[in-house]
A.B. asks: 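Got a structure for you, written out below as structure tokens; questions coming shortly.
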Amino acid sequence: MTPEQKAREVIDQRLELAGWVVQDYRKVNLGAGLGVAVREHPINDTERADYLLYVNRTPVGVIEAKKDEAILSAHEAQTSGYSKGKVKWSKETKPLVFLFEATSQVIRFTDGRDPVPRAREIFHFFKPETLQQWYEQPESTRYQIRNNMPELPAANLRSCQIDAIHGLEKSLSSNRPRSLIHMATGAGKTFTAINAVYRLLNHGGAKRILFLVDTRNLGKQAQQEFHAFKPPGRESFFHENHIVQRLNSNTIDSAAEVCICTIQRMYSILSGQPIDESAEDVSLHEVKQLQIQVKFVPYNTAVLVESFDFIIVDECHRSIYNLWKQVLDYFDAFLIGLTATPDKRTYGFFNENIVAEYSYEDSVLDGVNVGYDVYEIETDITRKGAKLQAKEWVDHRDKLTRKKRWDQTEDDTDYNAKQLDRSVVNTSQIRQVIKAMKEAMETKIFPNRHEVPKTLIFAKTDSHADDIIQKVREVYDEGNAFCQKVTYNAKDPDAVLSDFRNEYNPRIAVTVDMIATGTDVKPLEVLLFMRDVRSKGYYEQMKGRGVRSLSFEELHRISQSATSAKDKFILIDAVGVEKSLKTESRPLERNPNLSLKDLLQGVAMGHRDDDTIQSLANRLTRLNKQVEPKVLNQIEKEAGQPVGILAK
């Protein structure tokens with residue numbers, strides 16, 4: 001067999017898998033099935049198409065088959081020529097609109113109904129039913145996005161959200177396959193995405209959209225936001241008019257218009273390999289994997305490559321591209337990425353097509369988010385480790401069961417800071433850190449507060465979290481409700497998280513990674529890092545838990561002794577995480593102890609470097625949040641113009 005014949009043999013198999021009846025030209029029976037692919041079919045009087053595709057006896061497309069070494073883009077003109085030719089037996093005068101070039105390894109497809117038809121690579125051939133549905137709709141999805149999208153209602157949308165939706169729709173109308181939305185944590189990425197989803201379903205021709213996350217917790221949160229969304233000008237909620245399914249099994253509802261799913265579960269659905277639910281609880285940020293573990297996806301006749309028109313990848317900066325990329329490549333869909341912390345890999349994957357960019361610094365200056373100050377706690381043990389003396393009684397603990405036994409060490413044992421709270425547990429060091437935090441908050445950070453500000457502590461492991469909780473309750477002389485654990489191994493972590501967000505207790509929560517990213521806890525005012533992280537993007541996400549702004553009324557409901565709106569959060573660094581140079585953002589003030597008067601005087605004297613201007617803008621933003629509305633109104637009345645830093 002020639003290389004091209006070998007390729008055609010594989011193409012035949014793939015067509016049959018997709019539901020096509022493959023026939024030779026001399027033995028044609030167009031009634032053999034809905035879709036019939038005819039080999040060597042005459043076009044005009046002198047040419048023969050490698051495959052002509054019939055749907056319900058109507059010619060709709062053509063396939064040009066080539067050997068594996070062929071460069072398929074070089075044959076686009078050939079399929080385009082066939083599309084305009086006269087098909088023998090057919091009275092149909094419309095051009096063949098579905099054009100394919102294929103080897104045994106690669107398939108490229110062009111939809112002639114697009115405003116500017118452009119070839120794209122697809123994972124597998126489409127079903128005949130899909131081409132029938134498309135053929136009966138003269139306008140493709142790409143055509144509808146370009147020509148049918150109405151004006152965007154600006155009500156209830158921030159300017160950064162409006163810019164993101166406009167940028168996305170412009171990118172989609174230009175047939176750009178991948179679009180990246182870079183928006184700061186707290187700026188409303190999910191709300192922006194839901195607005196875009198609503199417009200695509202109602203005006204852009206979309207039939208089904210996949211909202212892809214990497215943990216169950218983020219999936220639950222996304223589902224809640226879809227259910228709470230009221231489209232502009234409508235009295236009903238989104239889910240009352242569009243079916244939203246969060247996949248917690250491997251069955252996709254055929255009526256669902258929005259599917260929310262972890263990438264781990266989607267791989268399980270496509271591959272047929274079962275998945276343990278715990279695999280959906282681990283953030284892909286922190287999972288070390290080898291290239292040999294790349295996930296390969298076979299064609300699944302129950303889940304078509306055309307199942308979704310758009311895929312929104314939430315937190316798309318995560319480690320999914322190398323190992324899970326085939327899950328994204330499987331579907332013939334536009335990819336839309338959402339992230340607050342893109343890196344070079346993210347930019348590369350999305351073809352550097354950044355449709356919106358709104359940084360953390362921008363969000364603070366706009367009053368959407370708050371800045372932060374850093375307070376350091378350093379102990380000798382966290383800095384340089386320690387020594388266990390021979391014959392010293394120490395606590396040995398099973399990592400899984402946490403069962404303890406006391407025993408004597410046989411030899412002197414040195415341990416470093418990295419081993420602390422992992423292979424070695426030093427409860428005295430934990431107690432020192434908690435006592436230092438308590439003293440600092442009561443005397444320096446929040447000296448006028450009567451209750452402990454809402455505080456989130458990042459622990460290294462679930463076992464470490466348990467140790468921290470015991471010491472927090474002991475140091476603060478409080479009961480169980482005061483400090484609780486929010487990890488996947490905790491009992492009912494969703495209920496604890498809800499209470500942490502909305503109720504007086506718990507005042508302090510301890511987590512490992514369940515709420516390290518993407519989780520909204522607006523009353524949070526203190527982050528204590530008792531763990532370091534490898535990824536600077538992950539660190540940015542962890543810091544993002546504290547950035548949400550909050551009005552005085554909302555903060556006062558949770559923390560009654562608060563005297564103003566939330567104007568900053570405090571990052572307490574007990575492990576040197578801030579010094580590890582992983583961070584992409586920074587505190588908006590290099591010298592937070594410099595008075596506002598001195599800052600203003602410095603600007604007046606010509607000190608207008610970036611740090612000074614950034615510090616002044618941050619200070620004015622905080623001041624604006626602290627001024628009572630009636631005082632601000634009086635100032636504006638006297639000035640005869642708006643003076644608030646947020647005044648537009």
Side-chain angles (χ1 to χ4, degrees), residues 152-162 164-165 168 181 183-204 206 208-248 253 255-262 280 310-315 336 338-340 358 363 368-369 454 486 492-503 514-515 517-524 544-545 547-551 553-555 557-558 566:
L152 175 66
N156 301 321
L157 288 171
R158 297 172 179 150
S159 58
C160 62
Q161 296 169 338
I162 293 171
I165 295 172
L168 174 62
I181 296 176
M183 290 178 69
T185 296
K189 291 187 298 297
T190 305
F191 184 74
T192 302
I194 294 173
N195 274 275
V197 166
Y198 176 78
R199 288 170 61 79
L200 291 170
L201 286 172
N202 287 275
H203 309 294
R208 184 185 288 160
I209 296 173
L210 175 63
F211 196 93
L212 204 60
V213 297
D214 76 342
T215 65
R216 279 191 300 172
N217 187 50
L218 291 181
K220 293 176 184 177
Q221 187 168 297
Q223 184 181 35
Q224 291 168 359
E225 293 201 45
F226 270 102
H227 282 206
F229 177 67
K230 257 187 186 176
R234 301 292 295 270
E235 292 301 318
S236 56
F237 291 98
F238 182 94
H239 70 280
E240 294 175 325
N241 299 291
H242 302 283
I243 297 176
V244 178
Q245 180 191 19
R246 184 171 65 84
L247 291 171
N248 47 27
D253 184 349
E257 294 173 273
V258 176
C259 292
I260 302 170
C261 184
T262 64
E280 299 179 90
F310 300 88
I311 299 177
I312 297 174
V313 187
D314 193 25
E315 307 293 357
I336 303 166
L338 307 176
T339 183
Y358 187 66
S363 72
V368 173
N369 285 326
K454 288 281 186 172
V486 187
D492 201 0
D494 291 331
V496 177
L497 177 58
S498 178
D499 288 344
F500 186 49
R501 184 184 285 130
N502 301 305
E503 305 297 334
M514 178 176 169
I515 58 174
T517 65
T519 301
D520 186 6
V521 185
K522 288 184 177 180
L524 196 54
R545 299 318 96 218
V547 304
R548 267 71 167 183
S549 62
L550 197 64
S551 69
E553 291 77 12
E554 292 175 300
L555 181 59
R557 185 179 64 82
I558 300 296
K566 179 181 172 183

A.B. asks: How long is the span from the OG1 atom in Thr262 to the CG atom in Leu218, to the nearest 0.5 Å?
C.D. replies: 10.5 Å
A.B. asks: Angle class for the His239/His227 ring planes (parallel below 30°, perpendicular above 60°, tilted otherwise)?
C.D. replies: parallel
A.B. asks: Could you report the tightest heavy-atom contact between Ala154 and Ile162, atom names first, then the distance?
C.D. replies: CB-CD1, 3.7 Å
A.B. asks: Give a yes or no on whether Asn156 atom CG has more than 12 heavy-atom contacts from other residues, nucleotides or ligands under 6.0 Å away.
C.D. replies: no
A.B. asks: As a test of understanding, state which of Val213, Thr215, Thr339 forms a side chain to side chain contact (heavy atoms under 4.5 Å, CB included) with Asp314.
C.D. replies: Val213
A.B. asks: Walk me through whether Lys566 and Glu554 qualify under side-chain contact (heavy atoms from CB on, under 4.5 Å).
C.D. replies: CA-CA 9 Å; Lys566 179 181 172 183; Glu554 292 175 300; over 6 Å; no
A.B. asks: Looking at Leu212, Leu210, Val197, Ile260, which one forms a side chain to side chain contact (heavy atoms under 4.5 Å, CB included) with Ile312?
C.D. replies: Val197
A.B. asks: Over all heavy atoms of both residues, which pair between Val368 and Arg158 is shortest? Give the atoms and the distance, please.
C.D. replies: CG1-NH1, 3.5 Å
A.B. asks: How about Arg246 and Val244: do any of their side-chain heavy atoms sit closer than 4.5 Å?
C.D. replies: no
A.B. asks: Under a plain distance cut-off of 3.5 Å, with no hydrogens placed, do Tyr198 and Arg234 share a side-chain donor-acceptor pair?
C.D. replies: yes
A.B. asks: Taking the side chain as everything from C-beta on, heavy atoms only, tell me whether Asn202 gets closer than 4.5 Å to His242.
C.D. replies: yes
A.B. asks: Holding to ring pair (Phe, Tyr, Trp, His ring centres under 6.0 Å), I want the full list of residues that pass it with Phe211, two or more places apart in sequence or in another chain.
C.D. replies: Phe226
A.B. asks: How far apart are the C-alpha atoms of Leu555 and Lys522, what are their side-chain angles, what is the distance that settles it, and do they pass the side-chain contact (heavy atoms from CB on, under 4.5 Å) test?
C.D. replies: CA-CA 8 Å; Leu555 181 59; Lys522 288 184 177 180; over 6 Å; no
A.B. asks: Look only at the side chain of Gln245 and the backbone of Asp253, and say whether a donor-acceptor pair between them is shorter than 3.5 Å.
C.D. replies: yes
A.B. asks: For residues Asn195 and Phe229, determine if any side-chain heavy atom of one lies less than 4.5 Å from a side-chain heavy atom of the other.
C.D. replies: yes
A.B. asks: Kindly give the heavy-atom pair with the smallest separation between Thr185 and Arg548, and that separation in Å.
C.D. replies: CG2-NH1, 2.8 Å
A.B. asks: Using the side-chain contact (heavy atoms from CB on, under 4.5 Å) rule, take Leu157 and Leu152 through it: C-alpha gap first, then chi angles, then the decisive distance, then the call.
C.D. replies: CA-CA 10 Å; Leu157 288 171; Leu152 175 66; 4.1 Å; yes
A.B. asks: Walk me through whether Val521 and Lys454 qualify under side-chain contact (heavy atoms from CB on, under 4.5 Å).
C.D. replies: CA-CA 9 Å; Val521 185; Lys454 288 281 186 172; 5.9 Å; no
